[in-house]
Amino acid sequence: MTRAEALPRGAVIGMVGGGQLGRMTSVAAARLGYRMHVLSADADDPAMDVAWRHTRLAAADDAAAVDAFAAAVDVITFETENLDLRLLALLERQAHARPSVAAVRLAGDRRLEKAFLNRIGVPTAPWVEVQGADDIARFVAAHGAAIVKTARAGYDGKGQMRLRDAADAQRVFAALGGVPIIIEAMVPFLREVSVVLARGADGAIAAFDVTENVHRDGILDTSTVPAAMDAATAARAIDAATRVAAGLDYVGLMALEMFVMEGGAVLANEIAPRPHNSGHWTMDACLASQFEQHVRAICGLPLASPARHADAVMTNLIGPEGAAAWDGLVATPGTVAHWYGKTQARPGRKLGHATALRAKG
Ligand code: AMP
């Protein structure tokens, strides 16, 4: 795909993954005249209520499925970076991915991700890769309270353990050390924020307003705009995300999650190479959502304005309690409710979200 050419209406977007992010991207794609073809293990995934075609990935090394999928689509994109290394290797053979498979691979491995952030001058919490319990004990002795995270396949607080004491090192290493892990210092942040932005193939960038995020049990609970922060801190956050996108020669929509420290410094935590939960408010508070921006960027259309026309608080609907809140939210004026069509309401599962809008303050 050359940089300048836009995909014509009727072209097919190939989405790796069929969850709620694929579902909401499919709706945005259809509105712009594109068709969505999903690659996932389950033809009943949430995206398949609205997507056009499905290719079943029988296993992470199902080369026949990946090749058939790749041949049937005009551009390949992603709704998750938590991909098996064997699947990444199969996707790497395909030339038409946006963002690049390399960017997705980097964002899916905390070691590659944090080394990249530090290399381009975006600060993070102090961290090291862990080879043994000794590394953990030494790090905690030097930095105090810390958090051990699996390098790969961690999300929503999964694959993480916190410790305050070097004496805990053996226990934590025994629990998590079967796979590559890192340890990072617990940082006393004032608030958590994210910047969601799109970057086109021509290098144009459109950033949505900085979002303030509150997590509960490691899972995003609410996202609020505007974020309670001064303009200089917000500019630093947007600058960090912009440098990440440029440094990866990124095409598509991405998010950078950050910690805001006392005094206004921002520390990067995670890169999401895809539409992000903290950008769901854009569906209702902007003329073009993060999903539309993603489709625009990967299909070579001009990016839309990221301007916001309302203040917003997005709340995730999680597990059975989230389902129980649905009827009330659908009946609430000024609130826009979104349901993901999942068949099971397991605890901790994101079932939908609701965005409460207010006149812009
Ligand atoms: P993560 O999976 O890295 O996004 O971590 C999930 C949540 O754990 C974050 O959103 C924070 O609320 C918390 N957390 C993760 N890393 C740190 C850290 N280094 N210091 C303080 N809190 C953290």
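Note that the coordinates shown come from a computational prediction; the quantities given were computed from them, not determined experimentally. Atoms within a ligand are numbered from 1 in the order they appear, just like the ligands themselves.
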### Message
Distance alone, cut at 3.5 Å: any donor-acceptor contact between the side chains of Asn316 and Asp221?
### Response
no
### Query
Does the N or O separation between Glu257 and ligand 1 drop below 3.5 Å for any pair?
no
### Message
Side chain or backbone, does Val187 bring an N or O within less than 3.5 Å of an N or O on ligand 1?
### Response
yes
### Message
For Asn269, which part has a heavy atom under 4.0 Å from ligand 1: side chain, backbone, both, or neither?
### Response
side chain
### Query
Any idea how His37 and Phe69 line up, ring-wise: parallel (<30°), tilted (30 to 60°), or perpendicular (>60°)?
perpendicular
### Task
List every atom of ligand 1 that sits less than 4.0 Å from any heavy atom of Glu184, numbering the atoms from 1 in the order shown and giving each element.
16 (N), 17 (C), 18 (C), 19 (N)
### Output field: ring centroids His276/Phe208 closer than 6.0 Å
no
### Query
Any side-chain donor-acceptor pair under 3.5 Å between Thr242 and Asp239?
no
## Note on the structure
Ala185 heavy atoms within 4.0 Å reach ligand 1 at atoms 18 (C), 19 (N), 20 (N)
### Query
Would one find an N or O of Phe189, backbone or side chain, under 3.5 Å from an N or O of ligand 1?
no
### Message
Heavy atoms only, cut-off 4.0 Å: how does Arg162 contact ligand 1, side chain, backbone, both, or neither?
### Response
side chain
### Message
So if I count the atoms of ligand 1 from 1 in the order they appear, which ones are less than 4.0 Å from some heavy atom of His215?
### Response
10 (O)
### Query
Just which atoms of ligand 1 are under 4.0 Å from any heavy atom in Glu192?
9 (C), 10 (O), 11 (C), 12 (O)
### Query
Are any of the heavy atoms in Trp127 under 4.0 Å away from ligand 1?
no
### Query
Atoms of ligand 1 less than 4.0 Å from Arg110 heavy atoms?
2 (O), 3 (O)
### Query
Taking atom types as modelled and ignoring hydrogens, do the side chains of Glu184 and His143 form a donor-acceptor contact shorter than 3.5 angstrom?
no
### Query
Using a heavy-atom cut-off of under 4.0 Å, does the side chain or the backbone of Glu270 touch ligand 1, or both, or neither?
side chain
